[in-house]
Amino acid sequence: MRETITARRGGPDDIPAVLSLLDVAVEWLVAQGRTGQWGTGPQSTSPRRLAQAEQWARAEGFWIAETGGVVVGALVVGLPADFAPAPSEPDLYVNLLVADRRRPGQGIGAFLLDHARALARAAGIGLLRLDCHDAGDRALVHYYERQGFTATHPLTFGEWTGRVLEQRL
Ligand SMILES: CC(C)(COP(=O)(O)OP(=O)(O)OC[C@H]1O[C@@H](n2cnc3c(N)ncnc32)[C@H](O)[C@@H]1OP(=O)(O)O)[C@@H](O)C(=O)NCCC(=O)NCCS
C-alpha cells in the first residue's frame with residue numbers, strides 16, 4: 001500500500017536529510033553500474049554539493065516530501081540553471097529532485113513533480129524545465145518522458161552528457 005506523501009517548505013534544518021538522500025541515491029546508482037551521473041563518492045562531503053546545499057537551504061523554492069514525518073524526497077525549483085538555454089517564455093526550473101531510493105515505486109518523485117507543476121501554475125507560469133544525465137540506456141531521460149517532459153537541448157561538460165527537458169503546462 002502506498003503511504004500518504006505530503007509537501008512542506010524546506011529549510012536549513014532539512015539539509016542533512018537531503019544530503020543523506022543523495023548519498024543513498026549514489027549508492028543505488030553505483031550498485032547498478034550507473035556511475036556517470038553523480039560519480040561514486042558520497043555527496044554529503046562533496047564541496048560542490050555542500051555549496052549548492054547552502055543555496056537550497058535559503059531558496060524560496062525548497063520543498064520537502066514527507067511520509068509519516070520522515071523526509072522521503074526533496075525538490076528545489078527556481079530560476080534556470082545558468083547553462084540551460086534561455087526559455088522561449090517564463091519558466092520554472094527544477095534545480096533538484098531526489099526521492100528516497102529505499103522506497104522505490106512509491107511515486108515520491110512524481111508527487112514532487114506534480115507539486116512543481118502546481119507551483120508554476122499558481123505563479124502563472126506555463127513552462128516547467130529541468131536537466132538530467134543522458135547517457136547509456138537514457139533511463140533517466142525516459143523516466144522524465146514518462147512524466148510528460150520532452151527532451152530538448154543536449155548538454156556536455158567534459159565526459160558528462162545531459163539533456164534539458166521541458167513540459168508545457
Ligand atoms: C528520479 C526520481 C526522483 C524518481 O522518483 P519516483 O517518481 O518516485 O520514481 P522511482 O524512484 O520509482 O523511479 C522511477 C524509474 O526511474 C528509474 N530511475 C530513477 N532514477 C534514475 C537514475 N538516476 N538513472 C536511471 N534510472 C533512474 C528507476 O529505476 C525506475 O525505473 P523502473 O520504473 O523501470 O523501475 C528518483 O528515482 C530518484 O531520486 N533517483 C535518484 C536521483 C536522481 O537521479 N534524481 C534526478 C536527478 S535529475
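All values below were derived from every heavy atom in this structure, side-chain atoms included, with hydrogens, water molecules and symmetry-related copies excluded. Every number for a ligand or one of its atoms is a count from 1 in the order of the listing.
- Between F111 and H115, the two ring planes are parallel [angle under 30°; tilted spans 30° to 60°].
- When non-hydrogen atoms are compared, ligand 1 lies under 4.0 Å from the side chain of R146 (C-beta onward) but not from its backbone.
- For the 3.5 Å distance criterion, the side chains of R129 and Q167 fail to qualify, holding no donor opposite an acceptor.
- When hydrogens are left out, the protein atom nearest atom 39 (O) of ligand 1 is A99 N, 2.8 Å; that is the closest non-hydrogen contact.
- Those atoms of ligand 1 with a heavy atom of C132 less than 4.0 angstrom away are 48 (S).
- What you find for I108 and G73 is that their closest heavy atoms are CG2-CA, 4.1 Å.
- Considering both main-chain and side-chain atoms, A139 never comes within under 3.5 Å of ligand 1 through any nitrogen or oxygen pair.
- When only modelled atom types and interatomic distance are considered, D23 and S44 share a side-chain donor-acceptor pair under 3.5 Å.
- Expressed to the nearest 0.5 Å, how far CG of L130 lies from CZ of F149 amounts to 4.5 Å.
- Ligand 1 has a nitrogen or oxygen under 3.5 angstrom from a nitrogen or oxygen of I108.
- Taking all heavy atoms of R138, Q37, R101, Q106 into account, the minimum distance to atom 10 (P) of ligand 1 is reached by R101.
- Side-chain contact annotation: R103 with Q106, donor-acceptor N/O pair under 3.5 Å absent.
- Distances from atom 35 (O) of ligand 1 to the protein include no heavy-atom value under 4.0 Å.
- Contact analysis puts D131 in contact with ligand 1, with a non-hydrogen atom separation below 4.0 angstrom.
- Listed by atom number, the atoms of ligand 1 under 4.0 Å from G105 heavy atoms are 12 (O).
- Not a single N or O atom of A25, backbone or side chain, sits closer than 3.5 Å to an N or O atom of ligand 1.
- Within the 4.5 Å cutoff, no side-chain heavy atoms of T150 are placed close to those of Y144.
- Among all protein heavy atoms, the one lying closest to atom 6 (P) of ligand 1 is G109 N, 3.4 Å.
- Taking every heavy atom of W38 and a limit of under 4.0 angstrom, the matching atoms of ligand 1 come to 42 (C), 43 (C), 45 (N), 47 (C).
- Every N/O-N/O distance between V98 and ligand 1 stays at or above 3.5 Å.
- By the 4.5 Å heavy-atom criterion applied to side chains, E60 and R9 are counted as neighbours.
- Considering only non-hydrogen atoms, atom 29 (O) of ligand 1 lies nearest to W28 out of F111, Y143, W28.
- Between A110 and ligand 1, an N or O atom pair is found at a separation short of 3.5 Å.
- Between the side chain of T152 and the main chain of V164, a donor-acceptor pair closer than 3.5 Å is present.
- Side-chain contact between L119 and L92: present, with at least one pair of heavy atoms (C-beta onward) separated by less than 4.5 Å.
- In terms of polar-atom proximity, L29 is not counted as a contact of ligand 1, lacking any N or O under 3.5 Å from an N or O of the ligand.
- Below 4.0 Å from some heavy atom of L97 lie the following atoms of ligand 1, by number and element: 3 (C), 45 (N), 46 (C), 47 (C).
- Note that atom 43 (C) of ligand 1 has protein non-hydrogen atoms nearby, at separations under 4.0 angstrom.
- The pair R168-E89 meets the salt-bridge criterion, with a side-chain N (NZ, NE, NH1 or NH2) lying under 4.0 Å from an Asp/Glu carboxylate O.
- A donor-acceptor distance shorter than 3.5 angstrom exists from the side chain of N95 to the backbone of L79, with no hydrogens or angles considered.
- Seen from the ring of W28, R34 does not count as a face-on cation partner, given the 6.0 Å and 45° thresholds.
- Set against the non-hydrogen atoms of G107, the atoms of ligand 1 under 4.0 Å away are 8 (O).
- For atom 48 (S) of ligand 1, the nearest protein heavy atom (residue, atom name, distance) is Y144 OH, 3.3 Å.
- Of all atoms in ligand 1, listed by their number and element, those nearer than 4.0 Å to a heavy atom of R34 are 24 (N), 25 (C).
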